[in-house]
Amino acid sequence: MMKTVYTNQAPEAIGPYSQGIIVNNLFYSSGQIPLKPNGELLEGDVQEQTHQVFANLKAVLSEAGSSLDSVVKATVFIKNMDEFPLINEVYGSYFDTHKPARSCVEVARLPKDVLVEIEVIALVK
């Protein structure tokens, strides 16, 4: 079974993809960037952008019947590894007691020239 996830509480996909897909009892999110639900780019520092990314992730996870507490794997893409401690501080505020597996990769460029993008895999309740 495969189900597409969509919520207007997170930005619409900006290309030919969905906000996420549920397969059996797993949710796979598309990478979330710091777009507001209305599609407007949040122009802030890396910590403000990371908070917006988590707001988007929480919205798509909720629509999928999941939550941050059910995330099993996160992949973080960042523009500048020197900002990793700032991103990690925000990340840790969302994953305080529950600590999913994680990868973090510095990339040359992200969509819309944002500073951070995060995708997750989570269990669906």
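Note: hydrogens, waters and symmetry copies are ignored here, and every other heavy atom, side chains too, is used. Counting begins at 1 with the first residue of the sequence. Because the structure is a prediction, the values reported are computed rather than measured.
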> For atom NZ of Lys112, is the number of surrounding heavy atoms from other residues, nucleotides or ligands below 6.0 Å larger than 12?
Replying inline: no
>> When you measure from the side chain of Ser66 to the backbone of Leu123, do you find a donor-acceptor pair of N or O atoms at a distance under 3.5 Å?
In response: yes
> Are the side chains of Leu42 and His51 in touch, meaning some heavy atoms are under 4.5 Å apart?
Replying inline: no
> If you group Ile, Leu, Val, Met, Phe, Trp and Tyr by side-chain heavy-atom gaps below 4.5 Å, do Val124 and Val120 land in one group?
Replying inline: yes
>> Once rounded to the nearest 0.5 Å, what's the spacing between atom CD of Glu106 and atom CG of Asp82?
In response: 7.5 Å
> With a 4.5 Å limit on heavy-atom distance, are the side chains of Val71 and Leu57 in contact?
Replying inline: no
> With distance as the sole test, does Gln47 use its side chain to make a donor-acceptor pair with the main-chain N or O of Leu86 at under 3.5 Å?
Replying inline: yes
>> Could you check whether atom CD of Glu48 has more than 12 heavy atoms from other residues, nucleotides or ligands sitting under 6.0 Å from it?
In response: yes
> How about Val72 and Pro100: do any of their side-chain heavy atoms sit closer than 4.5 Å?
Replying inline: no
> So, Asn56 side chain and Ile33 main chain: donor-acceptor pair closer than 3.5 Å or not?
Replying inline: yes
> When rounded to the nearest 0.5 angstrom, what is the spacing between CG in Asp45 and OG1 in Thr50?
Replying inline: 8.5 Å
> Ser62 side chain to Lys58 main-chain N or O, any donor-acceptor pair under 3.5 Å?
Replying inline: no
> Is there a donor-acceptor pair closer than 3.5 Å between any side-chain N or O of Ser93 and the backbone N or O of Val90?
Replying inline: yes
> Short question: side chain of Glu117, backbone of Phe77 - any donor-acceptor pair under 3.5 Å?
Replying inline: no
> Roughly how far, to the nearest 0.5 Å, is the CG atom of Leu41 from the CD1 atom of Ile14?
Replying inline: 9.5 Å
>> Return the CD to OG distance between Glu63 and Ser29, rounded to the nearest 0.5 Å.
In response: 14.0 Å
>> By the ring-ring contact (aromatic ring centres under 6.0 Å, His included) test, which pairs, at least two apart or in different chains, include something from residues 95-125?
In response: Phe54-Phe95, Tyr91-Phe95
> Can you tell me how far the CD atom of Glu43 sits from the NZ atom of Lys36, to the nearest 0.5 Å?
Replying inline: 9.0 Å
>> Using the rule given for side-chain contact (heavy atoms from CB on, under 4.5 Å), can you reason through Ser30 versus Gln19, listing the C-alpha separation, both sets of side-chain angles and the distance that settles it, and then say yes or no?
In response: CA-CA 5 Å; Ser30 291; Gln19 292 172 326; 5.7 Å; no
> Nearest heavy-atom pair of Ser70 and Lys125: which atoms, and what distance?
Replying inline: OG-CE, 3.3 Å
